[in-house]
Asker: 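Once you've had a glance at the structure underneath, I'll fire off some questions.
Values reported hereafter were calculated over all heavy atoms of this structure, with side chains retained and with hydrogens, waters and symmetry mates removed.
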Amino acid sequence: MDQRIARFTHAGVADAKVSVHPFATEDGLGLNLTRFRRADCDDVVLLVHGLTTSSDMYIMPEHENLVNFLHDSGFGDVWALDFRMSGRFPYDAETHRYTLDDVAQYDHPAAVAELRRHIGDRRVHVISHCLGSVSFAMALFAGTVTGIASLTCNSVALTPRTSRWSRIKLGYGPAALEYVLGPSHLDPRYGTAPVLTRGWMIAKAVGPFHPGCDEPACHMLSFMWGGGKPIFTHAKMSPVTHGRLPDLFGSVGVHYYRHVHKMVKAGRAVKYDPRDPRHAALPADYLEGAADVTTPILFLTGDRNHVFTDSNIVCHRTLEAVTPGLHELEILPGYGHQDPFMGAASAAEVFPQVLDFLKRKAG
């Protein structure tokens with residue numbers, strides 16, 4: 001469909017002062033926090049995107065988005081992080097060897113430090129998605145981030161689980177792409193790449209296995225993340241959103257898949273390379289100190305999650321055995337992996353559950 005919404009726009013946020021706050025990580029990357037402030041309040045919300053999405057997933061103009069919803073519900077100071085996995089940055093289209101350990105050690109601590117520089121000691125509540133959830137939970141359980149009043153994790157957290165087909169792709173896909181097919185990243189825009197380029201050929205090979213719609217970017221995203229099925233329930237998504245998927249999702253650096261694969265095999269979040277001296281302070285097993293974590297977590301998951309299946313159900317059960325009654329689980333009927341935050345009716349069907357949790361954990 002025709003482009004109707006500008007790429008990387010803040011137009012979806014109404015009646016708020018918008019300011020951008022760049023900061024740098026210790027390993028040399030420039031990242032951003034964007035502040036959407038309607039009113040000062042004692043409880044600040046930080047939004048964390050997933051791999052290849054960005055802060056855009058929380059400020060979509062085509063329907064009521066999470067930032068506006070939070071503002072209207074009394075949380076007037078909302079911040080959105082764009083870390084190294086963001087589609088707003090070029091990092092995922094570069095050849096790299098970043099892991100989720102890098103994000104947990106460098107990105108989230110730097111983001112929270114920059115946030116604290118502006119808000120002081122006010123309470124911070126984090127709402128996160130996908131590998132943003134995994135990496136922020138890793139930072140919290142490793143102690144690189146502290147002082148978080150509550151954390152909401154959508155789809156997955158510290159016990160990543162996938163379908164068998166996804167495990168096969170995670171195990172063999174990165175090497176096949178980097179050393180056989182050529183690209184070190186996958187891009188949902190491959191469907192519009194020049195004819196006979198490698199990206200175009202990958203998209204053409206993927207398309208026939210995803211007959212649910214005629215949007216090449218949707219097919220690529222299902223291949224990149226789904227277990228052969230879409231990463232969302234189509235009925236939950238606005239046609240406008242479905243038509244601009246290439247603007248909402250960027251390239252995926254395939255090395256992240258290797259770390260996810262190691263976690264899936266282990267059944268929990270683990271360090272990628274225990275020999276890496278840069279991460280010597282991180283735990284080999286991020287759940288080993290779970291009994292010491294007092295931040296309450298809301299685990300969200302759609303009951304049609306074809307990306308990380310029942311990961312958050314398992315994570316809630318695992319932590320319930322360690323810290324009974326601290327954490328909560330919300331299963332969303334009819335929802336998949338991405339649509340809880342990007343769905344056309346999320347403001348009516350999903351956000352109220354998140355809001356209830358926030359209000360109960362606020363001061």
Asker: Just wondering, do Arg88 and Ser55 contact through their side chains at under 4.5 Å, heavy atoms?
Answerer: yes
Asker: Side chains of Leu326 and Ile297, heavy atoms from C-beta outward: is any pair under 4.5 Å?
Answerer: no
Asker: Val18, Val67: one ILVMFWY side-chain cluster at the under-4.5 Å cut-off?
Answerer: yes
Asker: Do the side chains of Cys130 and Ser155 get nearer than 4.5 Å, heavy atoms only?
Answerer: no
Asker: If you measure from the Lys or Arg side-chain nitrogens to the Asp or Glu carboxylate oxygens, is any gap between Lys271 and Asp285 under 4.0 Å?
Answerer: no
Asker: With a 6.0 Å cut-off (strictly less than), is the heavy-atom count around CD of Glu288, excluding the residue itself, greater than 12?
Answerer: yes
Asker: Clusters formed by hydrophobic residues whose side-chain heavy atoms approach within less than 4.5 Å: which one holds Val322, and what are its other members?
Answerer: none
Asker: Mind checking the SG-CG spacing from Cys315 to Leu329? Nearest 0.5 Å is all I need.
Answerer: 10.0 Å
Asker: Taking only residues at least two apart or on different chains, which pairs with a member in residues 169-188 satisfy ring pair (Phe, Tyr, Trp, His ring centres under 6.0 Å)?
Answerer: none
Asker: Using the rule given for side chain to side chain donor-acceptor pair (under 3.5 Å), can you reason through Ser251 versus Asp92, listing the C-alpha separation, both sets of side-chain angles and the distance that settles it, and then say yes or no?
Answerer: CA-CA 6 Å; Ser251 298; Asp92 277 318; over 6 Å; no
Asker: Are side-chain heavy atoms of Val270 and Leu287 found at a separation under 4.5 Å?
Answerer: no
Asker: If you take all heavy atoms of Ala16 and His71, which pair is closest and at what distance?
Answerer: CB-CE1, 3.7 Å
Asker: Asp276: which residues meet the salt bridge (Lys or Arg N to Asp or Glu O under 4.0 Å) condition with it, sequence neighbours left out?
Answerer: Arg278
Asker: Give every residue pair that meets the salt bridge (Lys or Arg N to Asp or Glu O under 4.0 Å) criterion with at least one member in residues 8-24, sequence neighbours excluded.
Answerer: none
Asker: Step by step, would you call Ser128 with Ser133 a side chain to side chain donor-acceptor pair (under 3.5 Å)?
Answerer: CA-CA 5 Å; Ser128 60; Ser133 294; 2.9 Å; yes
Asker: Only one of Asn68, Leu47, Val44, Ile59 clears side chain to side chain contact (heavy atoms under 4.5 Å, CB included) with Val78; which?
Answerer: Leu47
Asker: Compute both the distance and the angle, then confirm whether Lys169 meets the cation-pi test with Phe223: under 6.0 Å from the six-membered ring centre, within 45 degrees of the axis.
Answerer: yes
Asker: Taking NZ, NE, NH1 and NH2 as the nitrogens, is one of them in Arg7 or Asp56 under 4.0 Å from a carboxylate oxygen of the other?
Answerer: no
Asker: Looking at Arg117 and Glu114, is any side-chain nitrogen of the basic one under 4.0 Å from a carboxylate oxygen of the acidic one?
Answerer: yes
Asker: Identify, with sequence neighbours excluded, every residue that meets ring-ring contact (aromatic ring centres under 6.0 Å, His included) alongside Tyr286.
Answerer: none
Asker: Could you walk me through whether Asn154 and Thr301 pass the side-chain contact (heavy atoms from CB on, under 4.5 Å) check?
Answerer: CA-CA 6 Å; Asn154 181 54; Thr301 186; 5.6 Å; no
Asker: If we ignore hydrogens and angles and just use 3.5 Å, is the side chain of Asp77 paired with the main-chain N or O of Ala39 as donor and acceptor?
Answerer: no
Asker: In terms of the angle between their ring planes, are Tyr98 and His96 parallel, tilted or perpendicular, with boundaries placed at 30° and 60°?
Answerer: parallel
Asker: Measuring only between side-chain heavy atoms, which start at C-beta, is Phe341 closer than 4.5 Å to Leu300?
Answerer: yes
Asker: What's the verdict on salt bridge (Lys or Arg N to Asp or Glu O under 4.0 Å) for Asp310 and Arg317, showing C-alpha distance, side-chain angles and the deciding distance?
Answerer: CA-CA 11 Å; Asp310 61 347; Arg317 183 169 65 237; 5.6 Å; no
Asker: Among pairs that include at least one residue of residues 331-354, which meet salt bridge (Lys or Arg N to Asp or Glu O under 4.0 Å), considering only residues two or more places apart or in two chains?
Answerer: Lys236-Glu349
Asker: Not counting sequence neighbours, which residues clear salt bridge (Lys or Arg N to Asp or Glu O under 4.0 Å) with Asp303? List them please.
Answerer: none
Asker: What residues form a salt bridge (Lys or Arg N to Asp or Glu O under 4.0 Å) with Glu62, not counting sequence neighbours?
Answerer: Arg244
Asker: What I'd like to find out is whether the side chain of Val112 reaches to under 4.5 Å of the side chain of Val124, using heavy atoms alone.
Answerer: no
Asker: Could you list all the ring pair (Phe, Tyr, Trp, His ring centres under 6.0 Å) pairs where at least one residue sits in residues 106-133, not counting sequence neighbours?
Answerer: His21-His118, Trp79-His118, Phe83-His108, His108-Phe136, His129-His337
Asker: Just so I know, are the side chains of Thr99 and Asp102 near enough to count as touching, which here means a heavy-atom distance under 4.5 Å?
Answerer: yes
Asker: Taking the inter-plane angle between the rings of Phe308 and Trp225 on a 0 to 90° scale, is it parallel (under 30°), tilted (30 to 60°) or perpendicular (over 60°)?
Answerer: tilted
Asker: Treating Ile, Leu, Val, Met, Phe, Trp and Tyr as nodes and any side-chain heavy-atom pair under 4.5 angstrom as an edge, say whether Val260 and Val314 lie in one connected cluster.
Answerer: no
Asker: Out of curiosity, Asn305 CG to Ser311 OG, how far, rounded to the nearest 0.5 Å?
Answerer: 7.0 Å
Asker: According to a 4.5 Å side-chain heavy-atom criterion applied to Ile, Leu, Val, Met, Phe, Trp and Tyr, with indirect links allowed, do Leu332 and Val156 form part of one hydrophobic cluster?
Answerer: yes
Asker: Between Tyr272 and Leu100, is there a shared hydrophobic cluster once you connect ILVMFWY residues whose side-chain heavy atoms come closer than 4.5 Å?
Answerer: no
Asker: Given side-chain contact (heavy atoms from CB on, under 4.5 Å), test Phe141 with Leu319 step by step and report yes or no.
Answerer: CA-CA 12 Å; Phe141 279 65; Leu319 291 178; 4.0 Å; yes
Asker: Could you walk me through whether Asp72 and Glu64 satisfy the side-chain contact (heavy atoms from CB on, under 4.5 Å) test, starting with their C-alpha distance in whole Å, then the side-chain angles of each, then the deciding distance to 0.1 Å, before giving a yes or no?
Answerer: CA-CA 11 Å; Asp72 292 341; Glu64 185 174 3; 4.0 Å; yes
Asker: Who passes ring-ring contact (aromatic ring centres under 6.0 Å, His included) against Phe249, sequence neighbours left out?
Answerer: none
Asker: Roughly how far, to the nearest 0.5 Å, is the NE2 atom of His219 from the CG atom of Asp214?
Answerer: 6.5 Å
Asker: Are Val13 and Met57 linked, directly or through other ILVMFWY residues, by side chains that come within less than 4.5 angstrom of each other?
Answerer: yes
Asker: How about Tyr257 and His255: are their ring centroids closer than 6.0 Å?
Answerer: no
Asker: Residues in ring-ring contact (aromatic ring centres under 6.0 Å, His included) with Phe23, at least two apart?
Answerer: none
Asker: In chain order, what residues pass the salt bridge (Lys or Arg N to Asp or Glu O under 4.0 Å) check against Asp40, with sequence neighbours excluded?
Answerer: Arg37
Asker: Under 4.0 Å between a side-chain nitrogen and a carboxylate oxygen: does that hold for Asp43 and Arg122?
Answerer: no
Asker: Would you confirm whether Asp187, through its side chain, and Val252, through its main-chain N or O, come within 3.5 Å as a donor-acceptor pair?
Answerer: no
Asker: Please examine the side chains of Asp82 and Leu31, heavy atoms only from C-beta on, and report whether any two atoms are closer than 4.5 Å.
Answerer: no
Asker: Just checking Lys361: does its NZ atom have more than 12 heavy atoms from other residues, nucleotides or ligands closer to it than 6.0 angstrom?
Answerer: yes
Asker: Could you walk me through whether Met85 and Thr52 pass side-chain contact (heavy atoms from CB on, under 4.5 Å), step by step?
Answerer: CA-CA 6 Å; Met85 291 180 178; Thr52 85; over 6 Å; no
Asker: Are Asp273 and Lys262 close enough for a salt bridge, meaning some N to O gap below 4.0 Å?
Answerer: no
Asker: Are Phe36 and His10 near enough that their ring centres are under 6.0 Å apart?
Answerer: yes
Asker: First locate atom CE of Met263, then atom CZ of Arg161, and finally report the distance between them rounded to the nearest 0.5 Å.
Answerer: 15.5 Å
